[in-house]
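Residue numbers count from 1 along this sequence.
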Amino acid sequence: MTNFAVLTGDIVKSSQLPQGGLDRIFANLADAADRIGGWQGSSVHLTRNRGDGWQMAVAPGFALRAVFATRAAVRMADKRFDTRVALALGEGVIPGDTLADASGPVFTASGQALEHMPRKRHMVVAGNDGVHTVALRLAEEVIKRWTEAQAEVALHALAPDTPTQAALAETLDVTKQTIQGHIDAAGVDALIETCEILDGM
């Protein structure tokens with residue numbers, strides 16, 4: 001078996017989304033999955049299930065970055081859109097190109113954590129992991145206020161090799177001042193620092 005950080009999610013109030021909303025969300029999640037795969041040099045096997053559900057398997061060293069990136073990917077489509085994400089760390093096996101046949105305790109734990117997620121919460125970690133639990137609770141207070149533009153900047157900035165503000169401004173065709181404003185308002189620096197500390201544990 002291999003150690004993974006497994007993210008299991010579903011789209012919040014998917015039945016109430018406008019026409020095409022779910023397709024936009026999953027297109028953004030696919031883009032985020034490609035980015036995360038680039039960070040770790042291997043596929044995260046993003047797999048969609050039950051219409052509005054999804055799962056991916058990430059190297060443990062990118063666990064929190066991946067959680068925050070998926071939230072950013074969904075919210076940048078529309079700040080009214082969101083996804084719940086349950087994180088589990090542990091062992092599993094991925095025999096194919098998708099997670100349809102994946103097995104192991106980490107996949108079970110992640111799915112069960114999503115199933116039992118408390119109301120009004122959007123991020124949880126499986127097990128009695130107090131440090132990650134507190135980090136996710138605090139991060140939620142930041143993420144729930146993101147605008148589309150702030151979420152887009154956050155998604156780019158969460159890369160392990162964080163681009164400079166000048167590079168982000170060029171990529172997103174805005175000014176450096178705009179990038180700085182979004183980074184400050186979105187609490188990106190605090191989220192990155194959290195990832196650097198906890199993903200390395």
- Any residue meeting side-chain hydrogen bond (donor to acceptor under 3.5 Å, both in side chains) with R48, in chain and number order, not counting sequence neighbours: none
- Message: For residues V85 and L29: do they belong to one hydrophobic cluster (side chain heavy atoms under 4.5 Å, members Ile, Leu, Val, Met, Phe, Trp, Tyr)?
- Response: yes
- Message: With rounding to the nearest 0.5 angstrom, report the OG1 to CD1 distance, T162 to I183.
- Response: 9.0 Å
- Message: Taking the side chain as everything from C-beta on, heavy atoms only, tell me whether I11 gets closer than 4.5 Å to F26.
- Response: yes
- Item | Same cluster (ILVMFWY, side-chain, under 4.5 Å), L136 and I197 | yes
- Report the residues that fulfil side-chain hydrogen bond (donor to acceptor under 3.5 Å, both in side chains) with E193, sequence neighbours left out, ordered by chain and then residue number. none
Donor-acceptor pairs are to be reported for all side-chain atoms of residues 13-24 against protein atoms at under 3.5 Å, with residues two or more places apart or in another chain.
{"from": "S14", "atom 1": "OG", "to": "D52", "atom 2": "OD2", "distance (Å)": "2.8"}
{"from": "R24", "atom 1": "NH2", "to": "A77", "atom 2": "O", "distance (Å)": "2.4"}

Under 3.5 Å, which donor-acceptor pairs link side chains of residues 58-65 to any protein atom two or more places apart or in another chain?
{"from": "R65", "atom 1": "NH1", "to": "L158", "atom 2": "O", "distance (Å)": "2.7"}

- Item | With sequence neighbours excluded, residues passing side-chain contact (heavy atoms from CB on, under 4.5 Å) with A186 | W146, Q150, V188
Side-chain atoms of residues 168-180: list all donor-acceptor pairs with protein atoms under 3.5 Å, sequence neighbours left out, distances to 0.1 Å.
{"from": "T171", "atom 1": "OG1", "to": "A167", "atom 2": "O", "distance (Å)": "3.0"}
{"from": "T175", "atom 1": "OG1", "to": "T178", "atom 2": "N", "distance (Å)": "3.0"}
{"from": "T175", "atom 1": "OG1", "to": "T178", "atom 2": "OG1", "distance (Å)": "2.8"}
{"from": "Q180", "atom 1": "OE1", "to": "Q165", "atom 2": "NE2", "distance (Å)": "2.7"}
{"from": "Q180", "atom 1": "NE2", "to": "D184", "atom 2": "OD1", "distance (Å)": "2.7"}
{"from": "Q180", "atom 1": "NE2", "to": "D184", "atom 2": "OD2", "distance (Å)": "3.1"}

- Which value, rounded to the nearest 0.5 Å, describes the distance between T194 atom OG1 and L138 atom CG? 8.0 Å
- Looking only at atom types and distance, does a side-chain atom of H45 sit under 3.5 Å from a main-chain N or O of M56, one as donor and one as acceptor? no
- Using side-chain hydrogen bond (donor to acceptor under 3.5 Å, both in side chains) as the criterion, list what pairs up with S43, not counting sequence neighbours. none
- When Ile, Leu, Val, Met, Phe, Trp and Tyr are grouped by side-chain heavy atoms lying under 4.5 Å apart, directly or through other members, which residues fall in the same group as V106? F4, V6, I94, L99, F107
- Item | salt bridge (charged side-chain N to carboxylate O under 4.0 Å, His left out) contacts touching residues 28-43 (sequence neighbours left out) | D31-R35
- Note on the structure: Between W39 and A66 the two heavy atoms that sit nearest each other are CZ3-N, 4.1 Å
Distance-only criterion, 3.5 Å: show the donor-acceptor pairs between side-chain atoms of residues 116-124 and protein atoms not counting sequence neighbours.
{"from": "H116", "atom 1": "ND1", "to": "Q112", "atom 2": "O", "distance (Å)": "2.9"}

- Hey, what do you get for CD1 (I192) to CG (D199), rounding to the nearest 0.5 Å? 11.5 Å
- A126 to A88 - nearest heavy-atom pair and separation: CB-CB, 3.8 Å
- For the hydrophobic clusters of this structure (ILVMFWY residues joined by side-chain heavy atoms under 4.5 Å, transitively), does one cluster hold both M76 and V74? no
- How would you list all residue pairs meeting side-chain hydrogen bond (donor to acceptor under 3.5 Å, both in side chains) that involve residues 70-89, not counting sequence neighbours? D10-R84, W54-T83, R71-D82, R71-E140, R75-D82, D78-R80
- Answer with yes or no whether the hydrophobic clustering places V67 together with V142; edges join I, L, V, M, F, W, Y residues whose side-chain heavy atoms lie under 4.5 Å apart. yes
- Message: Is there a path of hydrophobic side-chain contacts, each under 4.5 Å between heavy atoms, that joins V44 and L114?
- Response: no
- Okay, side chain of S110, backbone of A86: is any donor-acceptor separation there less than 3.5 Å? yes
- Who are the side-chain contact (heavy atoms from CB on, under 4.5 Å) partners of T98, not counting sequence neighbours? T47, A100
